[in-house]
Structure formats: structure tokens, C-alpha cells
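Every chain is numbered from 1, with letters handed out A, B, ... down the list of sequences.
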Number of protein chains: 2
Amino acid sequence: MSQTEMYSISELARHFEITTRTIRYYEEIGLLTPHRSEGGQRLFSKKEKARLQLVFRGKKYGFSLDEIRDMIQLFDQDPSGRQQLERTIQYGKEKIEEVSSRIEDLIQIRSEMEQYIVDFQKKLSELERDKDEYA
Amino acid sequence: MSQTEMYSISELARHFEITTRTIRYYEEIGLLTPHRSEGGQRLFSKKEKARLQLVFRGKKYGFSLDEIRDMIQLFDQDPSGRQQLERTIQYGKEKIEEVSSRIEDLIQIRSEMEQYIVDFQKKLSELERDKDEYA
DNA sequence: CTTGAACTTGACGTTAACGTTAATGGTAAA
DNA sequence: TTTACCATTAACGTTAACGTCAAGTTCAAG
């Protein structure tokens, strides 16, 4: 039991719809640390798969791979010392603040875009009204 | 009156804490279209300044300069024809959906991070408790 | 045991988003 | 008008995040 199923590099690539090159690159810069088979081929555990998932989410929302690595190391190393725990909590709270700030900005952007749409729709309905008056 | 105050390239750069190179680059790729002085030097109006602001907000949240240019052109050209208005509204709604989706994802990320923090804090307080038991 | 697909490590290529430098021209103050 | 600074274009340099290719290795199927 608990044979912790492993994925090959191409299985993982197919699953996330990326190339194997990307995965190797992520290993190069320290985002992943897969195990190896006897022959030296990469074997990815579920944990590595989850990491990769994290990377993609981070990427999609403006974080650089460097920042992502920091955050992954933060939440991945399972700190046990008291000092380490406190530092992690502190750093984590800061990161949460960053994310919150991004959320607020995006909400701001959205509401501005919505205002544009409202204005355009008003213009459009005025056009329709004018057309009717000629009829 | 209404002397529509103008900014030089370095004034603008200082204001946004970027280099003049960046501003010239943004003009190169069509994000800005400043006026020129007699001698050929760039003069930026308030409108251009506002555009730049938009660019930075877009950048900060994962949009490429290409996407940003599309969005700026969209909301900047003040469409007047009925067809054009309808297209703009349609495209705008799509963009709003994209932004909304990003917001939701970020909220998801945040709540996961918060969960980590909660767990770490629990661990920390257990450590404190154990320490007390020894006292 | 062979074959072919999948894998490995280099190493060089590419694109976006600027940085940097050079050679030159414009401008405001003394 | 000269000084000092700010501006211009053109061109080459840089970094992140991969793409692509070559030359060889491992693995699973028959």
C-alpha cells in the first residue's frame, strides 16, 4: 500500500499542458526537486505535482518565478522551531497583505471598466432613441 | 486659462519612478502618443499621464503590454458608430469577465494562505503550551 | 535482445521589456 | 552667448522564461 504513485516528466507536462522543457527549467531554478529513477530519469510525486500547481497559480497573477520560489519555500518547509514558526507567520501575513492589495486594485480596475460600459450603453441607447424619432 | 499643463519626459519619469527609456519604449509600441515641442521634444498632457497610470495598473496585475494596449485603445477611442459601440461593449464585457476571474482566483489563493497561517499559529501555541507544562 | 519511444544533459536561439551608450540637438539661466 | 542640463534617435546589451536541436541513454514491449 501507499505506493505513492509517481509521474514521469511527460505525464506531468501533459497534465498541465506545458512542455517538458518548462518542467526542467523549473527544476533548474529550484522550483522543483523531483526524485530520480535508477537510470536517472525524473520521477514526480504528488507533492511535486501540487507544487507545480502552485507555480501556475502564482504566475497567472503577476508573481515572478523568483517570488513564487520564496513563497513555496515558505509554505513548504513545515517550520518546526518556535523562531522559525514566528518568522514564517510574519512573512506569510505580509504576503497575504500583498495579495489583498492586488485584489483591491483589481476590483478598482473592474469598476472603472464597468463605468465605461455603462457610459457606452447610454450612448448606444441614445442613438437608438434618435433613430426612432426619425421614424 | 485652461493652459492644459504639460509635462516633460523627465517630469513624468520622476513622478512614476521609472526611467525615460521606459516612457520612450511605451511610445515605440503605441501605448503613448505625446505631443512635441517646436524643437521636437515630447510634451505629455494630463490625458497621457492618466494613460500611463492605466498601464502601470495593468502591468502590476499580469497583463502584457500588448493586452494593455488593446484595452487602452478600447476605452480610449470613444466609439461613435452603433456597430463600433456594440463591439466595444461586447469586448469590454469580456475583459471584465477576465478581471473578475482573476479576482476570484486571488481570493482563493489568499484563503489558502490564511489557512496555512492558522495552522502555523496552532502549532506555535501548542509549542507554547508544551513549554508551560514543563515549567 | 532488439527496437522505438521517452528520457537525459548541454548548448544555443528567441521574445518582451527594458538598460545603456554614443553622437547630437534644444533650452533656460547667467 | 555660453554654460549646463535635458532632450533626441539609433543601436547594441541584458534578463527572464522558456524553445529548439543534437547527441547520447533508459525503458517497456515484443
Would you give the length of the straight line joining atom CD1 of A/Ile117 to atom CD of B/Gln90, rounded to the nearest 0.5 angstrom?
9.0 Å
Nearest-Å distance, CE (B/Met6) to C1' (D/dC6)?
18 Å
Would you kindly confirm whether A/Met113 and A/Val118 end up in one hydrophobic cluster when ILVMFWY residues are joined by side chain heavy atoms under 4.5 Å apart?
no
Looking at A/Glu28 and A/Arg21, is there a salt bridge between them, counting it only when a charged N and a carboxylate O are closer than 4.0 Å?
yes
B/Tyr7 and side-chain contact (heavy atoms from CB on, under 4.5 Å): which partner among B/Lys46, B/His15, B/Glu48?
B/Lys46
Give me the first and last nucleotide of DNA chain C, going 5' to 3', that has any atom under 4.0 Å from a heavy atom of chain B.
C/dA17 to C/dT27
Check every strand shown and say whether A/Ile29 touches a base, only sugar-phosphate, or nothing at a heavy-atom separation below 4.0 Å.
nothing
So, the side chain of B/Glu112 versus the backbone of B/Ile109: is there a donor-acceptor pair under 3.5 Å, distance only?
no
Of all the nucleotides listed (D/dA7, D/dC18, D/dT8), which has the minimum atom distance to the side chain of A/Leu65?
D/dC18
Enumerate the residues from residues 11-21 of chain A whose closest heavy atom to DNA chain D is under 4.0 Å, giving them by residue number; use none for an empty result.
A/Thr19, A/Arg21
End axis versus end axis in the helix from C/dC1-D/dG30 to C/dA30-D/dT1, the angle rounded to 10°, five pairs used at each terminus
20°
Is any NZ, NE, NH1 or NH2 atom of the basic residue among A/Asp66 and A/Arg69 found under 4.0 Å from an Asp or Glu carboxylate oxygen of the other?
yes
Short side-chain N/O contact from B/Arg42 to OP1 or OP2 of D/dA7, under 4.0 Å
no
Between A/Arg82 and A/Glu86, does any side-chain N to carboxylate O distance fall below 4.0 Å?
yes
Distance check needed: D/dA10 C1' versus B/Tyr25 OH, whole Å only.
16 Å
Decide, yes or no, whether a salt bridge links B/Lys95 with B/Glu98 under the criterion of side-chain N to carboxylate O below 4.0 Å.
yes
Taking A/Gln84's backbone N and O only, do any of them form a donor-acceptor pair with A/Thr88's side chain (distance below 3.5 Å, no angle check)?
yes
I want to check something: taking the side chain as every heavy atom from C-beta on, are B/Ile23 and B/Phe16 in contact at a cut-off of under 4.5 Å?
no
Would you indicate whether B/Gln83, at its atom CD, is surrounded by more than 12 heavy atoms from other residues, nucleotides or ligands within a distance under 6.0 Å?
no
